[in-house]
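Structure first, commentary second.
For reference, positions follow the sequence shown, starting with 1.
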Amino acid sequence: MKNTFFLICTGLMLTIGAQAQTKKKAPVTPKVNVPESVDASFKSNFTVAENNKWTKNYTGNYVATFTNADARTQVSEFNPGGVWVKSKTTFDVANPLPESITTAVQAKYSGSTINELEKVEIAGMAPYYRVKLTTADTKTKEIILNEEGSMVRL
């Protein structure tokens, strides 16, 4: 009886172990058919755009991820009518950053290191920068700066 129970348990463990080793298929993102109005608006706003990838977000807007003219990754969102809604540009912190931003960060947080920098542009609002940094005393902070380098929010 003990041997039978042991054999059943061993068989179950081997079966479960074998199932755990099978590769899971990556979810397939369906190809998004971008309306002509959205595509035309995108091409007029971003004449130099490479490696375009389109998705559709939960609000029904179309989102383009691409490399812009400055070789930075940019994400732009358009509504179904082709009206630009917002953009986010990611800066590589290894490359030179906007001087107004680096000067403002060093003035407020001397000895800090910028870890991430994004420029956010939203229709009807002034552009701003989202800066994630590590201060000299190793604290992590996120600050919002306008284009001139003035603090908008800590």
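Here the closest heavy-atom approach between residue Y128 and residue I122 is recorded as OH-CD1, 4.2 Å. Nearest heavy atom pair, residue S112 against residue T135, reads CB-CA, 3.8 Å. The shortest heavy-atom contact between A104 and G149 is CB-O, 3.0 Å. The two residues N146 and Y129 have their closest heavy-atom pair at O-CD1, 4.0 Å.
The CG atom of L133 sits 11.5 Å away from the NZ atom of K108 when rounded to the nearest 0.5 Å. To the nearest 0.5 angstrom, T73 atom OG1 is 8.0 Å from N68 atom CG. Rounding to the nearest 0.5 Å gives a distance of 12.5 Å between CG of N79 and NZ of K86.
Linking ILVMFWY side-chain heavy atoms closer than 4.5 Å, directly or via other members, places Y62 and F66 in a single hydrophobic cluster. Cluster annotation: V75 is not connected to V85 through the hydrophobic network of ILVMFWY side chains, with a link wherever side-chain heavy atoms come within less than 4.5 Å. Cluster annotation: V83 is not connected to V38 through the hydrophobic network of ILVMFWY side chains, with a link wherever side-chain heavy atoms come within less than 4.5 Å. Under a hydrophobic-cluster definition in which Ile, Leu, Val, Met, Phe, Trp and Tyr are linked whenever side-chain heavy atoms come within less than 4.5 Å, directly or via other members, F46 and W54 are assigned to the same cluster.
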Test side-chain contact (heavy atoms from CB on, under 4.5 Å) applied to I114 and T102, step by step: CA-CA 8 Å; I114 297 175; T102 55; 4.2 Å; yes

**Report entry** I143 vs V105, side-chain contact (heavy atoms from CB on, under 4.5 Å): CA-CA, chis, key distance, verdict
**Finding:** CA-CA 9 Å; I143 58 174; V105 168; 4.0 Å; yes

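With hydrogens and angles ignored, the 3.5 Å screen pairs no side-chain donor or acceptor of T103 with any backbone N or O of S100. Between the side chain of S44 and the main chain of S41, a donor-acceptor pair closer than 3.5 Å is present.
By the 4.5 Å heavy-atom criterion applied to side chains, K119 and Q74 are not counted as neighbours. Between L117 and P98 the shortest side-chain heavy-atom distance falls below 4.5 Å. Side-chain atoms of N115 and V93, non-hydrogen and from C-beta on, never get closer than 4.5 Å to each other.
Residues forming a side-chain hydrogen bond (donor to acceptor under 3.5 Å, both in side chains) with E77 (at least two apart in sequence, or on another chain): N57, N61.
Note on ring orientation: taking the six-membered ring where Trp is involved, the planes of F42 and F78 are perpendicular (angle over 60°, cut-offs 30° and 60°).
For the salt bridge (charged side-chain N to carboxylate O under 4.0 Å, His left out) condition, the pairs that include at least one residue of residues 65-75, sequence neighbours left out, are D70-R72.
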